[in-house]
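Reviewing the structure listed below.
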Amino acid sequence: MNRRTAAVALIGTALLAGTAACAGGSGTAGGGAVVTAGPSPAGTPAPSASPSPAGPPGPTVGQLKAFALAPGEKAGAYEASEPLLDEPMSEMYEAAPKACEPLSTLAPAGHTAQAYVQAQVPGEWQAVDTEILLRSYPGGGSAAAMKSLAEAGRQCGGGYTEDRALVEAKVLKVEPVTAPALGDEALSYRIVVQDVKDKDTSLYKYLTVIRSGSVTLSFRSDILDTKDFGGVPAEVVTAQWEKFAKASGAAS
């Protein structure tokens with residue numbers, strides 16, 4: 001079963017289970033100034049993110065779960081919660097051109113373990129929701145995943161099409177924004193998407209990915225609103241990074 005077929009099955013399961021729309025809090029991250037580097041042509045394939053077979057394996061599923069925020073833990077007004085699915089629905093998306101796919105999913109990067117949690121403000125449905133995904137890679141896979149994401153950010157600034165299995169969404173613009181000074185490297189993007197129900201309306205998403213050794217910590221935030229909410233909530237990034245750094249021994 002390919003990822004697109006799996007997405008259809010998972011969407012159907014979520015609908016049958018009465019899955020609610022994303023909810024969250026109204027905080028903003030320190031997004032900072034927007035970098036306006038022009039994108040490269042979007043047709044060039046992104047570099048492969050397949051990990052090197054050399055080197056020790058990354059942390060296990062159990063270790064990543066211990067590194068991640070646990071359901072009920074607080075990050076300012078936000079609270080971590082257990083997701084319905086094993087990974088974000090966006091990890092099932094595909095992109096055209098293919099070079100842009102790392103902006104929608106890091107799935108092709110060859111990770112060997114992952115832990116997934118959501119951060120929301122309890123009781124607030126029309127606010128920022130953040131999906132937090134920790135992944136480990138053998139060898140140089142984590143660095144390769146970041147390289148692939150950076151290349152997608154350069155190539156796809158002018159937009160691309162996101163195949164969400166049941167519907168196609170038009171990404172209008174991808175802009176790099178200031179990333180947090182954490183880990184070995186970090187990337188952040190502001191992603192403007194055309195509303196699939198109203199083509200005259202734009203929606204905003206933010207993506208931040210931090211790499212620390214063989215682990216990536218990704219934060220994908222959106223909102224059930226048309227406003228530009230400014231970025232991944234800083235308190236969510238800080239709380240997750242601090243727990244990860246303490247539990248894993250990573251330098252802050």
Side-chain angles (χ1 to χ4, degrees), residues 10 13-14 17-30 57-92 105-107 109 111-138 141-142 145 179-184 186-188 205-224 229 231-252:
L10 286 174
T13 301
T19 305
C22 294
S26 56
T28 59
T60 64
V61 172
Q63 289 174 312
L64 290 180
K65 287 184 176 180
F67 298 162
L69 291 175
E73 287 190 309
K74 297 285 189 177
Y78 298 87
E79 182 176 308
S81 61
E82 189 76 32
L84 177 65
L85 304 176
D86 291 334
E87 64 182 3
M89 189 64 71
S90 60
E91 293 302 309
M92 301 294 178
T105 172
L106 295 178
H111 61 281
T112 54
Q114 68 179 29
Y116 169 40
V117 67
Q118 289 180 284
Q120 307 166 325
V121 173
E124 294 190 20
W125 64 272
Q126 195 175 13
V128 179
D129 172 82
T130 301
E131 297 173 332
I132 305 170
L133 188 65
L134 278 64
R135 281 182 164 164
S136 64
Y137 304 78
S142 60
L182 298 171
D184 297 315
L187 296 167
S188 292
K205 299 176 181 290
Y206 282 84
L207 171 66
T208 288
V209 183
I210 302 167
R211 182 180 72 83
S212 177
S214 62
V215 176
T216 59
L217 303 85
S218 68
F219 304 82
R220 195 179 297 273
S221 297
D222 62 12
I223 190 172
L224 289 176
F229 56 92
V232 176
E235 53 266 60
V236 172
V237 174
T238 298
Q240 176 56 83
W241 172 257
E242 288 180 349
K243 181 172 183 181
F244 169 79
K246 182 177 180 180
S248 68
S252 59

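Position 1 is the first residue of the sequence; numbering continues from there.
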Listed partners of Lys65 passing side chain to side chain donor-acceptor pair (under 3.5 Å), at least two apart: none
Heavy-atom closest contact (Phe229 atom, Ile223 atom, distance): CD2-CG2, 3.4 Å
Taking every non-hydrogen atom, the tightest pair across Thr112 and Pro138: CG2-CD, 3.5 Å
Other residues, nucleotides, ligands: >12 heavy atoms within 6.0 Å of Lys246 NZ: no
Gap between atom OG of Ser142 and atom CZ of Arg135 - 0.5 Å precision: 13.0 Å
Criterion side-chain contact (heavy atoms from CB on, under 4.5 Å) against Pro71, the qualifying member of Glu82, Gln118, Glu79: Glu82
Rounded distance [0.5 Å steps], CD1 in Ile132 versus CH2 in Trp241: 13.5 Å
Distance (rounded to the nearest 0.5 Å) between Phe244 CZ and Leu64 CG: 8.0 Å
CG-CD distance between Leu207 and Glu131, expressed to the nearest 0.5 angstrom: 10.5 Å
Beyond-backbone contact of Thr208 with Pro180, side-chain heavy atoms, under 4.5 angstrom: yes
Under 3.5 Å: donor-acceptor pair, side chain of Asp184, backbone of Gly213: yes
Exercise: identify the closest heavy-atom pair between Ser136 and Pro59: OG-O, 2.6 Å
Shortest non-hydrogen contact from Ala239 toward Ala75: CB-CB, 3.5 Å
Atom pair CD/OG1 of Gln114 and Thr216 - distance to nearest 0.5 Å: 9.5 Å
For the student: nearest non-hydrogen atoms of Thr130 and Pro233, plus distance: OG1-CD, 3.5 Å
Chi angles and distances behind the side-chain contact (heavy atoms from CB on, under 4.5 Å) call for Ile210, Val237: CA-CA 10 Å; Ile210 302 167; Val237 174; 4.0 Å; yes
Donor-acceptor pair, side chain of Gln126 and main chain of Leu224, under 3.5 angstrom: yes
Interatomic distance, Leu182 atom CG to Thr238 atom OG1 [nearest 0.5 angstrom]: 7.0 Å
Shortest non-hydrogen separation from Leu217 to Gln240 and the atoms involved: CD2-CG, 4.1 Å
